[in-house]
K.L.:
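Please see the structure below; I have some questions.
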Amino acid sequence: MRHLLWMAVFAGLTGVVFGAVAKGTDRDRLGYGLTVFGEFMLIGLVLGWILYFLPWK
Amino acid sequence: MASKEYSSARTAETPAGAWLIGVAAWAVPGLGHLLQRRWVRGALLGGAVWVMCVVGISLGGHLFGVSSKDQGLSGVLQILPMIANVGSGLLYVFCWLTNTGFVENAQLVTSEYGDKFLLVAGLLNYLAMLDAFDIAAGRKK
């Protein structure tokens with residue numbers, strides 16, 4: 001659970017910065033920041049499950 | 001030749017203040033935007049970078065630096081992450097002077113997370129620095 005929390009914090013802060021430096025209206029920036037946050041979370045979870053099933057020991 | 005002239009013309013158009021804003025934005029995360037009265041953007045960018053640095057240190061992350069102890073390829077491999085860490089500006093300098101965060105805490109479960117937080121904090125501040133420079137140079141609103 002702690003790992004997911006820190007991943008969410010990381011994705012949130014990165015999304016804030018990417019959204020703040022993006023071009024367009026405030027609405028566009030908010031949308032872009034949320035998109036970046038969502039992409040980080042989704043890709044992190046997908047990669048996590050892929051790595052979970054790989055037999056690396 | 002033509003591209004050289006174009007390039008020098010573009011450089012000449014950049015006001016000197018923009019370079020100072022760029023340096024300020026690198027040195028103190030968020031300051032470049034605050035000096036240009038971009039209060040919300042400065043607070044968001046600066047706040048995010050500062051929080052990432054503090055979280056990174058508190059998670060046991062470590063800052064990279066090249067020292068005389070590193071030999072051969074080991075020293076070379078430290079350069080790229082060090083460049084990322086230096087992006088945090090005076091935060092990195094402060095940590096270097098006080099020897100904070102330069103010790104590896106591999107025994108902590110979250111130390112790898114801390115490393116990534118610190119690396120990305122510096123890289124994001126480079127992004128914020130370029131944004132502040134572009135605004136000061138009139139290339140962005």
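Here is how names work: the chains are called A, B, and so on, in the same order as the sequence lines, proteins then strands, and each is numbered from 1.
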K.L.:
Any idea how B:F117 and A:F10 line up, ring-wise: parallel (<30°), tilted (30 to 60°), or perpendicular (>60°)?
P.N.:
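B:F117 and A:F10: perpendicular rings.
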K.L.:
Relative to chain A, which segment of B:L59 carries a heavy atom at a distance below 4.5 Å: side chain, backbone, both, or neither?
P.N.:
side chain
K.L.:
Any chance you could lay out the side chain to side chain contact (heavy atoms under 4.5 Å, CB included) test for A:H3 and B:T110, step after step, and finish with the verdict?
P.N.:
CA-CA 8 Å; A:H3 296 272; B:T110 55; 5.9 Å; no
K.L.:
Using non-hydrogen atoms and a 4.5 Å limit, figure out which bit of B:V55 sits close to chain A: side chain, backbone, both or neither.
P.N.:
side chain
K.L.:
Determine whether B:L35 and B:L20 fall in the same hydrophobic cluster, where Ile, Leu, Val, Met, Phe, Trp and Tyr are linked whenever their side-chain heavy atoms lie under 4.5 Å apart.
P.N.:
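No, no single cluster joins them.
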K.L.:
Would you indicate whether the side-chain heavy atoms of A:T14 and B:M52 approach each other to under 4.5 Å?
P.N.:
yes
K.L.:
Linking I/L/V/M/F/W/Y whenever any side-chain heavy atoms sit under 4.5 Å apart, do B:I83 and B:V93 land together?
P.N.:
yes
K.L.:
Taking all non-hydrogen atoms of both residues, which atom of A:V16 and which atom of B:L44 are closest, and how far apart?
P.N.:
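It is CG1-O, 3.8 Å.
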K.L.:
So does B:F102 have more than 12 non-hydrogen atoms from other groups sitting under 6.0 Å from CZ?
P.N.:
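Counting other residues, nucleotides and ligands, CZ of B:F102 exceeds 12 neighbours.
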K.L.:
Hey, quick one: are B:F133 and B:Y126 part of the same hydrophobic cluster, counting side-chain heavy atoms closer than 4.5 Å, chains of contacts allowed?
P.N.:
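In one cluster with B:F133: B:Y126, no.
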K.L.:
Is B:K116 close to A:M7 at the side-chain level, that is, under 4.5 Å between some pair of heavy atoms?
P.N.:
no
K.L.:
What distance do B:D131 atom CG and A:K23 atom NZ have between them, rounded to the nearest 0.5 Å?
P.N.:
9.5 Å
K.L.:
Using the rule that Ile, Leu, Val, Met, Phe, Trp and Tyr join whenever any side-chain heavy atoms are under 4.5 Å apart, tell me whether B:W50 and B:Y113 fall into a single cluster.
P.N.:
no
K.L.:
In the single-linkage hydrophobic clustering (I, L, V, M, F, W, Y; side-chain heavy atoms under 4.5 Å), do B:L124 and B:L91 co-cluster?
P.N.:
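Different clusters: B:L124 never reaches B:L91 through Ile, Leu, Val, Met, Phe, Trp or Tyr contacts under 4.5 Å.
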